[in-house]
Amino acid sequence: MTNHRTPDAHALDGPSSATSDKPAPGRDGRQRGEFFQMLSWRWDVTAAKKFIQGREAEGRIDPREWSGMLHLVAIDPEHAARVDMSEPLIVITVPDSGMLIIDGWHRLYKALDTGVPELAAVILTTEEELACRIFGGESSDEDDDYEEEESGGS
C-alpha cells in the first residue's frame, strides 16, 4: 500500500524531477492533486475531499484497530506532527474486500503516538468510491481465461 502526498495519503508536493518523465510521487500525471495507492488500486483523494466537503463525519475509527497496516504506508513523522486532527479520515469500501482509509494515515499515526482513542471518519458511497477510483478492480482477459480453465470451461 502506498500513501502519497507528504504522507497523510499525500506524498511529496514538489514538482517532478527535470530528468524524469514520470509524475512526481503523489501525482498521477492528470492534475495537481493527491492520490492514494494500494497495490494495483489508486484513488483520487482530491476528488474524494470534494465529495465530503460540508459533510458530517458519520463514523469513528479506533486507531489501534488500524495500527497493523501502518507498516504498509509511507509515514513522515514530521508531517504527522503537524496534521489537523479535527479533519475526518476518508474511508472507502474496496469491492469484495472491506474498508480502507484513503486519506488520513498521518492522523492515524499521530493518534496512536499521542493516545487519541478515536478519529472521525467519512465513508464514501459506492458511487463516490467508483468516481474517485483512478484504476483497480478491472478484470483482465487472463483472469477470465484462468477462471474458465479452473471451472472446466472451453
Side-chain angles (χ1 to χ4, degrees), residues 1-140:
M1 187 181 320
T2 307
N3 187 358
H4 285 84
R5 186 184 154 237
T6 316
D8 190 3
H10 335 270
L12 307 174
D13 276 332
S16 61
S17 166
T19 60
S20 173
D21 291 335
K22 292 194 242 179
R27 306 291 178 210
D28 66 8
R30 296 183 309 164
Q31 77 276 341
R32 299 218 21 105
E34 302 170 50
F35 69 86
F36 176 81
Q37 184 163 343
M38 178 192 70
L39 302 173
S40 62
W41 298 67
R42 182 179 291 173
W43 292 271
D44 182 336
V45 174
T46 302
K49 286 182 175 184
K50 289 178 184 173
F51 279 122
I52 71 160
Q53 231 170 12
R55 191 187 299 179
E56 291 291 321
E58 63 254 12
R60 306 297 288 173
I61 287 183
D62 180 343
R64 294 167 299 175
E65 292 178 10
W66 289 83
S67 63
M69 292 185 68
L70 272 173
H71 72 282
L72 301 172
V73 181
I75 297 293
D76 174 357
E78 289 178 18
H79 175 71
R82 296 185 309 267
V83 296
D84 179 359
M85 297 295 283
S86 67
E87 186 179 340
L89 307 183
I90 301 176
V91 178
I92 54 117
T93 301
V94 178
D96 301 320
S97 292
M99 305 300 278
L100 178 66
I101 298 168
I102 64 167
D103 183 58
W105 286 99
H106 282 80
R107 281 166 273 168
L108 185 97
Y109 175 89
K110 183 175 181 179
L112 288 165
D113 192 45
T114 60
V116 173
E118 62 181 18
L119 296 167
V122 174
I123 303 166
L124 296 184
T125 66
T126 301
E127 294 77 18
E128 291 168 338
E129 181 276 324
L130 192 55
C132 293
R133 192 185 319 161
I134 297 167
F135 57 76
E138 299 87 5
S139 176
S140 72

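Using a 4.5 Å heavy-atom threshold, the side chains of Cys132 and Leu124 count as touching. A heavy-atom distance below 4.5 Å is found between the side chains of Glu129 and Trp43. Side-chain contact between Arg133 and Asp44: absent, with no pair of heavy atoms (C-beta onward) separated by less than 4.5 Å. The shortest distance between side-chain heavy atoms of Leu119 and Pro63 falls below 4.5 Å. Considering only heavy atoms from C-beta on, Glu127 stays 4.5 Å or farther from Leu130 through its side chain. Taking 4.5 Å as the limit, every side-chain heavy atom of Val91 sits out of range of all side-chain heavy atoms of Val122.
In this structure, Phe36 and Trp105 have parallel ring planes: the angle between them is below the 30° cut-off, well short of the 60° mark.
If you take CD1 on Ile102 and NZ on Lys49, they are separated by 10.0 Å, rounding to the nearest 0.5 Å. Taking CG from Asp62 and CG from Leu112, the interatomic distance works out to 8.5 Å, rounded to the nearest 0.5 Å. In this structure, CD in Glu87 is found 6.0 Å from CG in Asp103, a value given to the nearest 0.5 Å. A distance of 7.5 Å separates CD1 in Ile101 from CE in Met69, rounded to the nearest 0.5 Å. Interatomic distance, Leu89 CG to Glu118 CD, rounded to the nearest 0.5 Å: 11.0 Å. From Gln37, atom CD reaches atom CD1 of Ile134 across 8.5 Å, with rounding to the nearest 0.5 Å.
Judged by the 6.0 Å and 45° rule, Arg42 forms a cation-pi pair with Phe35.
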| message | I'd like to know whether Ile123 forms a side-chain contact (heavy atoms from CB on, under 4.5 Å) with Met99, so could you lay out the CA-CA distance, the side-chain angles of the two residues, the decisive distance to 0.1 Å, and finally the verdict. | response | CA-CA 9 Å; Ile123 303 166; Met99 305 300 278; 3.8 Å; yes
| request: Apply side-chain contact (heavy atoms from CB on, under 4.5 Å) to Ile75 and Leu70, showing your working. | output: CA-CA 8 Å; Ile75 297 293; Leu70 272 173; 4.0 Å; yes
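Pairing each heavy atom of Tyr109 with each of Ala80, the nearest pair is CD2-CB, 3.5 Å. Taking each heavy atom of Ser40 and Phe135 in turn, the nearest pair found is O-CD1, 3.3 Å.
No more than 12 heavy-atom neighbours from other residues, nucleotides or ligands sit within 6.0 angstrom of CZ on Arg64.
Ion pairing between Lys50 and Glu128 fails under the 4.0 Å rule for side-chain N and carboxylate O.
In this structure, Glu58 contributes its side chain and Ala121 its backbone to no donor-acceptor pair below 3.5 Å. Remark: the backbone N or O of Gly136 is paired with a side-chain donor or acceptor of Glu138 at under 3.5 angstrom.
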